[in-house]
Amino acid sequence: TLPSVDNFAHMAGLCFGAVTAVVFLPYITFGQWDFARKKLLLALCVPLLASMWILAFVIFYNVQNTEFCEWCQHANCIEWTSSVQCSAA
């Protein structure tokens, strides 16, 4: 990971993309079981997607203190060489 690259945004984008892909999945079904499985996934992922949007806005607007998570700085920047200075950013 490089400094100034927001890996939390990449991880959240992966989660949002996976859930959104299930919601907007084409409805080509191959039998009754596949139809039921896709309806169940849709019933689970639509509320999950709405909850993720609400959580994202709440975190964006209300969580201003980054001191609550000690390991979070390591997810955004790892000093893997001596030229990378994460604490200076």
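Quick note: numbers below take in every heavy atom, side chains included, and nothing from hydrogens, waters or symmetry partners.
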Contacts of Phe16 that satisfy ring-ring contact (aromatic ring centres under 6.0 Å, His included) - sequence neighbours left out:
Trp53
Pairwise ring pair (Phe, Tyr, Trp, His ring centres under 6.0 Å) hits with a residue in residues 29-51, at least two apart:
none
Review item, side-chain donor-acceptor pairs of residues 38-52, under 3.5 Å, at least two apart:
from, atom 1, to, atom 2, distance (Å)
Lys38, NZ, Ile28, O, 2.6
Ser51, OG, Pro47, O, 2.8

Qualifying salt bridge (Lys or Arg N to Asp or Glu O under 4.0 Å) pairs with a residue from residues 50-63, counting only residues at least two apart or across chains:
none
Please give the remaining members of the hydrophobic cluster of Val58, linking ILVMFWY side chains under 4.5 Å, ordered by chain and number.
Ile54
Using the rule that Ile, Leu, Val, Met, Phe, Trp and Tyr join whenever any side-chain heavy atoms are under 4.5 Å apart, tell me whether Val19 and Phe57 fall into a single cluster.
yes
